[in-house]
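Working notes for the structure below.
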Amino acid sequence: MEISEIFKQKKTGLSFEVFPPKKESGIETIYKTLDALTELNPDFISVTYGAGGSQVTNASTIDLCSYIKNKLNIETIAHLSCLYNSKEDVSKFMQELKDVNVKNILALRGDENPDYELKNDFKHASDLAKYIKSVDSDFFVSGACYPEVHQEAENIVEDIKNLKIKVDNGADHLISQLFFDNNAFFDFMEKVRIAGIDVPVEAGIMPVTNKRQIERMVSMCGASIPAKLSKVLQKFGDNDEAMLEAGISYATDQIIELAANGVDGVHIYTMNNPYVAKKITDNIKSIINV
Ligand code: FAD
């Protein structure tokens, strides 16, 4: 089913994110991961894009999207960041995607990286969204959004104004940054809808499976840790098995509450771990279909 159709159904959308492996030794594993994720029947699987188009192995974003779409028959979204891509690069990327029968892009700005030279054709993700639609309006364009405010934004009002530009420029759907406090997401959604942003918004869920990983994530994206999760980390953080079980339960609880409150969809950051995705999906199978 085309992604634009997914959110017209009554059920809660379910999608996964994977990233291309960083080492050659991970190539075989990523295809096995994708095979395993397919069994969980997601609406789509998105594939991240390295800063500056950096591709460390021979499994690129486009290769993985092609495998998902053409071998596994699942919809897929290719992430694409724009600071280090020219208009020509983006057109080429779009053509390569079209060649493998994929017409869905998550349009991102990306973050500055001193290892690469800025191309200066695009400043914001909204510029990229506009360009993609101008080249081929049949492309389905997604965008990122930030329930706890993007780290560079002055405040939530500015951030949502900018988000509205992204949607007005062509973003058909949004995927949120990870968050652990559902109330932050609910507050954000209220403001998003008041601002007249009416596209489907998927909630980004990152299962916390070890303490180090969450400390790194939180320092990178600034997600707040509610007291309930903080207690879980304190009590189980040094026991890998207990933390894994607790992290799966925490993500499950988050999803149940989001679904009960009518979220458009949940996007699970799988970290290429099909075991965790399966455990969570098994817990919410009926819930997301109501
Ligand atoms: P933008 O939407 O451009 O926003 C960035 C900042 O600029 C915000 O503070 C915003 O308020 C401001 N802004 C936006 N538009 C305007 C405007 N018109 N005028 C003034 N200010 C403006 N990174 C990768 O490198 N590869 C990936 O695959 C990847 N996948 C991601 C997936 C998701 C779901 C999310 C949430 C993030 C992902 N990222 C990825 C990270 C992302 O690139 C960074 O968060 C980056 O800092 C911002 O990207 P953006 O597309 O949200 O930028």
Side-chain angles (χ1 to χ4, degrees), residues 13-81 100 102 104-106 108 110-111 142 144 175-180 202-221 223 240-241 243-252 254-255 265-284:
L14 173 69
S15 59
F16 298 138
E17 179 184 292
V18 297
F19 53 84
K22 295 193 173 65
K23 294 184 185 147
E24 291 294 338
S25 57
I27 292 183
E28 206 180 311
T29 316
I30 186 65
Y31 289 107
K32 282 191 186 145
T33 297
L34 290 171
D35 294 349
L37 291 176
T38 300
E39 285 172 23
L40 309 180
N41 205 17
D43 291 307
F44 69 86
I45 301 176
S46 79
V47 184
T48 66
Y49 182 84
S54 58
Q55 183 186 319
V56 192
T57 66
N58 281 326
S60 69
T61 303
I62 292 179
D63 291 337
L64 296 185
C65 285
S66 174
Y67 185 79
I68 295 164
K69 172 78 182 178
N70 301 306
K71 291 275 184 347
L72 302 177
N73 283 318
I74 298 262
E75 278 302 330
T76 181
I77 296 183
H79 297 207
L80 176 64
S81 62
V100 296
V102 175
N104 309 309
I105 292 181
L106 173 55
L108 296 152
D111 289 313
S142 303
I175 303 178
S176 92
Q177 179 60 286
L178 63 95
F179 61 89
F180 303 109
E202 277 191 276
I205 298 295
M206 166 76 76
V208 178
T209 53
N210 77 63
K211 204 170 154 188
R212 273 107 34 221
Q213 164 219 9
I214 191 176
E215 283 165 357
R216 205 176 53 244
M217 287 296 163
V218 166
S219 73
M220 272 165 63
C221 75
D240 287 351
E241 272 177 42
M243 192 60 234
L244 184 65
E245 274 179 17
I248 289 166
S249 293
Y250 192 89
T252 302
Q254 262 196 287
I255 295 171
V266 287
H267 183 74
I268 301 182
Y269 294 100
T270 70
M271 304 301 285
N272 293 0
N273 184 336
Y275 172 81
V276 172
K278 176 166 170 31
K279 284 286 194 185
I280 295 172
T281 309
D282 283 349
N283 289 340
I284 57 164

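When reading the values below, keep in mind they use all heavy atoms of this one structure, side chains included, and skip hydrogens, waters and symmetry mates.
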Is there a donor-acceptor pair under 3.5 Å between the side chain of [X] and the backbone N or O of [Y]?
{"X": "Ser249", "Y": "Glu245", "result": "yes"}
{"X": "Asn272", "Y": "Pro21", "result": "no"}
{"X": "Ser176", "Y": "Gly204", "result": "yes"}
{"X": "Ser15", "Y": "Asp43", "result": "no"}
{"X": "Gln254", "Y": "Phe179", "result": "yes"}

Does some side-chain heavy atom of [Y] sit less than 4.5 Å from a side-chain heavy atom of [X]?
{"X": "Val102", "Y": "Asn70", "result": "no"}
{"X": "Phe180", "Y": "Met217", "result": "no"}
{"X": "Tyr250", "Y": "Met243", "result": "no"}
{"X": "Leu72", "Y": "Asp35", "result": "yes"}
{"X": "Phe16", "Y": "Leu40", "result": "yes"}
{"X": "Tyr67", "Y": "Leu34", "result": "yes"}
{"X": "Gln213", "Y": "Met206", "result": "yes"}
{"X": "Ile74", "Y": "Pro42", "result": "yes"}

Exercise for review: Check step by step if side chain to side chain donor-acceptor pair (under 3.5 Å) holds for His79 and Ser46.
Suggested key: CA-CA 7 Å; His79 297 207; Ser46 79; 2.8 Å; yes
Measuring from atom [atom1] of [X] to atom [atom2] of [Y], what distance do you get when rounded to the nearest 0.5 angstrom?
{"X": "Lys22", "Y": "Ile27", "atom1": "NZ", "atom2": "CD1", "value": "13.5 Å"}
{"X": "Leu37", "Y": "Lys278", "atom1": "CG", "atom2": "NZ", "value": "11.5 Å"}
{"X": "Asn273", "Y": "Thr29", "atom1": "CG", "atom2": "OG1", "value": "11.5 Å"}
{"X": "Lys69", "Y": "Ile45", "atom1": "NZ", "atom2": "CD1", "value": "12.5 Å"}
{"X": "Ile105", "Y": "Leu80", "atom1": "CD1", "atom2": "CG", "value": "5.5 Å"}
{"X": "Thr61", "Y": "Tyr49", "atom1": "OG1", "atom2": "OH", "value": "7.0 Å"}

Practice item. Begin with the C-alpha distance, continue with both residues' side-chain angles, and end with the deciding distance and a verdict on side chain to side chain contact (heavy atoms under 4.5 Å, CB included) for Asn41 and Leu14. Key: CA-CA 8 Å; Asn41 205 17; Leu14 173 69; over 6 Å; no
Point to revise | Residue that, paired with Thr252, satisfies side chain to side chain donor-acceptor pair (under 3.5 Å) out of Asp282, Asn283, Thr281 | key: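 Answer to the side chain to side chain donor-acceptor pair (under 3.5 Å) test with Thr252 among Asp282, Asn283, Thr281: Asn283.
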Practice item. Evaluate the side chain to side chain donor-acceptor pair (under 3.5 Å) criterion for residues Asp63 and Tyr31: first the C-alpha distance (whole Å), next the side-chain angles of each, then the deciding distance (0.1 Å), finally the verdict. Key: CA-CA 10 Å; Asp63 291 337; Tyr31 289 107; 5.2 Å; no
Minimum heavy-atom distance [X]-[Y], with the two atoms named:
{"X": "Leu106", "Y": "Ala144", "answer": "CD1-N, 3.9 Å"}
{"X": "Leu64", "Y": "Pro20", "answer": "CD1-CA, 3.7 Å"}
{"X": "Gly50", "Y": "Ser81", "answer": "O-OG, 4.4 Å"}
{"X": "Tyr269", "Y": "Gln177", "answer": "OH-CA, 3.8 Å"}

Check your understanding: After noting the C-alpha distance and the side-chain angles of Glu75 and Asn104, does the key distance pass the side chain to side chain contact (heavy atoms under 4.5 Å, CB included) rule?
Key -> CA-CA 9 Å; Glu75 278 302 330; Asn104 309 309; 3.2 Å; yes
